2 protein chains.
Amino acid sequence: MTAQIVTFARAAQADARSFPGATIAYGPGEEIYAQAEETDLIYRVTSGAVRTTRLDSDGRRQIGDFYYAGDFFGLEAGPEHRFSAEALCESQVQVFKRTTLAMADDTAGVERTIWTATARELERTREHLMMLGRKTAREKVASFLHDLADRQGGEVQTLVMGRQDMADYLGLTIETVSRMLTQLQAEGLVTFTGCRQFRIGNRQAMTRLVAA
Amino acid sequence: MTAQIVTFARAAQADARSFPGATIAYGPGEEIYAQAEETDLIYRVTSGAVRTTRLDSDGRRQIGDFYYAGDFFGLEAGPEHRFSAEALCESQVQVFKRTTLAMADDTAGVERTIWTATARELERTREHLMMLGRKTAREKVASFLHDLADRQGGEVQTLVMGRQDMADYLGLTIETVSRMLTQLQAEGLVTFTGCRQFRIGNRQAMTRLVAA
DNA sequence: CGTCATCTTGATTACGCTCAAGCTCCGTGG
DNA sequence: CCACGGAGCTTGAGCGTAATCAAGATGACG
């Protein structure tokens with residue numbers, strides 16, 4: 001977020017255009033690409049976490065998705081990004097140039113990887129869609145925690161994002177998210193130890209609540 | 001919807017598995033593939049219109065998208081369909097077998113076409129997501145009519161789907177959709193001539209209302 | 001022309017939003 | 001080491017939008 005970090009990142013990104021595959025470091029809140037920026041690069045999270053965000057003219061905000069180590073992002077059909085991407089915490093991001101990849105030795109392999117990533121992304125987006133369209137606030141928040149636990153594995157879960165990001169992902173307000181978290185905890189479905197750490201208390205009840 | 005039509009379609013679909021590229025006719029409401037069915041086929045609308053639907057255990061329904069002549073559908077990453085697909089009206093659908101396409105002469109061309117279709121689909125789904133997450137009922141309904149007019153072109157627009165389908169696409173109830181249509185018409189933004197035909201009355205106001 | 005599905009309208013309810021305080025957790029400086 | 005300050009989170013009260021429940025109106029089709 002400091003001027004130095006931003007300057008460093010800009011310089012590194014410029015390099016990435018000539019040397020695809022370069023890894024760039026971003027600090028919390030730092031922008032990786034902007035809405036309406038050209039889409040000639042493809043990204044992969046090496047460490048940390050990234051969110052994609054869309055801001056409309058009224059300032060309403062929607063988060064497209066969160067990406068963790070190993071995930072590709074920045075895949076788009078059109079010539080311009082419809083969402084921007086920002087790091088959630090200290091993160092390392094690998095950058096590939098599309099046109100360079102097209103000249104790779106194993107073109108077929110590269111293309112298959114990109115297609116698979118795109119299709120997986122589509123699938124996740126459809127799940128997200130289902131959630132936004134037809135779930136209650138309570139179900140949305142429960143799904144969010146459940147999915148996170150699924151992805152991360154292990155017992156104790158850590159939230160890399162704040163309440164506002166959760167709200168903008170779920171199509172809710174920050175207050176509603178907070179209330180639902182309190183409610184779920186009161187019912188023993190989850191236990192929070194600090195506002196960014198939790199454990200699933202009742203996995204069965206949780207899964208039932210989330211069930212498609 | 002009659003037993004004969006269903007029987008015919010089943011038989012035709014069985015054929016399509018051995019003869020990819022075959023065109024099958026479906027009647028209104030008829031199922032093209034089901035949720036949890038295997039995903040070895042890819043489809044393209046030749047004429048008519050198709051919707052993809054997801055039904056959860058409580059009977060809540062979400063429509064993924066509507067597809068018209070020329071559109072591909074049925075593209076998925078996993079081995080099972082997460083949505084089902086049904087014809088909205090008398091429709092012709094072309095069916096391709098994935099594994100057969102992989103052996104085509106112009107494999108690269110085929111793959112590019114599929115990737116492009118997938119990426120386009122992803123983009124549409126993201127727009128849909130944005131709408132579900134952050135738009136009001138009024139804006140959702142206006143967007144729906146606006147997009148339809150954009151896609152179809154021309155002056156007089158025809159709705160191939162009923163109010164329930166619109167509601168399930170927009171994450172609203174049928175009553176709310178109806179009220180918003182009445183409201184938009186009262187304000188002169190659109191004019192309905194029968195419940196499935198309309199013209200955009202004030203394109204400027206409409207675009208403003210829809211603006212991302 | 002009658003029947004049934006679809007669509008519209010009305011009255012009421014409820015879920016999530018808004019506005020407004022507090023609280024908690026950290027980092028900073030006295 | 002504790003006081004101060006600020007950001008982020010929680011809680012509360014009241015409101016508004018869209019859902020629900022319930023009749024009617026319209027329209028398509030036999």
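Just so we're clear, the structure is a prediction, and the values are computed from it rather than from any experiment. Side-chain atoms are counted along with the backbone in the values below, which use heavy atoms only and exclude waters and symmetry mates. Each chain gets a letter, A, B and so on, in the order the sequences are listed, and its residues count up from 1.
- Among residues two or more places apart in sequence or in another chain, the side-chain contact (heavy atoms from CB on, under 4.5 Å) test is passed with Thr39(B) by Glu76(B), His81(B).
- Nucleotides of DNA chain D lying under 4.0 Å from heavy atoms of chain A occupy a range whose first and last members, 5' to 3', are dC9(D) to dA13(D).
- Annotation: the span from His128(B) atom NE2 to Asp147(B) atom CG amounts to 10.0 Å, rounded to 0.5 Å.
- Using a 30° and 60° split on the angle between ring planes, Phe66(A) and Tyr169(A) fall in the tilted class, from 30° to 60°.
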### Query
Step by step, would you call Trp115(A) with Ile114(B) a side chain to side chain contact (heavy atoms under 4.5 Å, CB included)?
CA-CA 9 Å; Trp115(A) 186 80; Ile114(B) 292 180; 3.7 Å; yes
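- Every residue meeting the salt bridge (charged side-chain N to carboxylate O under 4.0 Å, His left out) condition with Glu127(B), not counting sequence neighbours, appears here in chain and number order: Arg54(A), Arg82(A).
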Quick one: side chains of residues 200-212 of chain B, donor-acceptor pairs under 3.5 Å with protein atoms, not counting sequence neighbours, listed by atom name and distance.
from	atom 1	to	atom 2	distance (Å)
Asn202(B)	OD1	Gln204(B)	N	3.3
Asn202(B)	OD1	Ala205(B)	N	3.0
Thr207(B)	OG1	Arg203(B)	O	2.8

### Message
Checking Leu159(B) against Leu148(B) for the side chain to side chain contact (heavy atoms under 4.5 Å, CB included) test, could you report, in this order, the C-alpha distance in whole Å, the side-chain angles of both residues, the deciding distance, and whether it holds?
### Response
CA-CA 8 Å; Leu159(B) 294 167; Leu148(B) 210 87; 3.6 Å; yes
### Message
Is there a salt bridge (Lys or Arg N to Asp or Glu O under 4.0 Å) between Arg61(B) and Asp168(B)? Walk through the geometry before answering.
### Response
CA-CA 6 Å; Arg61(B) 189 165 168 267; Asp168(B) 290 338; 2.2 Å; yes
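- Separating the SG atom in Cys89(A) from the CD atom in Glu30(A) is a distance of 12.0 Å, to the nearest 0.5 Å.
- Within residues 185-196 of chain B, the residues having any heavy atom closer than 4.0 Å to DNA chain C are, in order of number, Cys195(B), Arg196(B).
- By the side-chain contact (heavy atoms from CB on, under 4.5 Å) test, Arg60(B) is found to be paired with Arg134(A), Thr136(A), Glu139(A), Asp56(B), Asp58(B), residues two or more places apart in sequence or in another chain being considered.
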Find every protein N or O atom lying less than 3.5 Å from an N or O atom of nucleotides 2-4 of chain C, and list the pairs.
none

For nucleotides 15-22 of chain C, list the nitrogen or oxygen atoms of the protein found under 3.5 Å from its nitrogen or oxygen atoms, one pair per line.
from	atom 1	to	atom 2	distance (Å)
dG16(C)	OP1	Ala137(A)	N	2.7
dC17(C)	OP2	Thr173(A)	N	3.4
dC17(C)	OP2	Thr173(A)	OG1	3.1
dC17(C)	OP2	Thr176(A)	OG1	2.4
dT18(C)	O4	Arg179(A)	NH2	2.9
dC19(C)	N4	Glu175(A)	OE2	2.9

#### Entry: side chain to side chain donor-acceptor pair (under 3.5 Å) between Glu123(A) and Thr125(A), worked out
CA-CA 5 Å; Glu123(A) 194 160 315; Thr125(A) 307; over 6 Å; no
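- Ring-plane geometry between Tyr43(B) and Phe73(B) is classed as parallel, the angle between the planes falling under 30 degrees on a 0 to 90 degree scale with a further cut at 60.
- Listed by chain and number, the residues in a side-chain contact (heavy atoms from CB on, under 4.5 Å) with Ile174(B) are Arg163(B), Gln164(B) (sequence neighbours excluded).
- The side-chain contact (heavy atoms from CB on, under 4.5 Å) check on Thr52(A) picks up Tyr33(A), Asp65(A), Tyr67(A), Phe83(A), Ala85(A), with sequence neighbours excluded.
- Listed by residue number, the members of residues 157-167 of chain A with any heavy atom below 4.0 angstrom from DNA chain D are Gly162(A), Arg163(A).
- Among the protein residues, Ser178(B) comes within range of the nucleic acid bases, having at least one heavy atom under 4.0 Å from a base atom.
- Not counting sequence neighbours, the partners of Lys135(B) by the side chain to side chain donor-acceptor pair (under 3.5 Å) test are Ser143(B).
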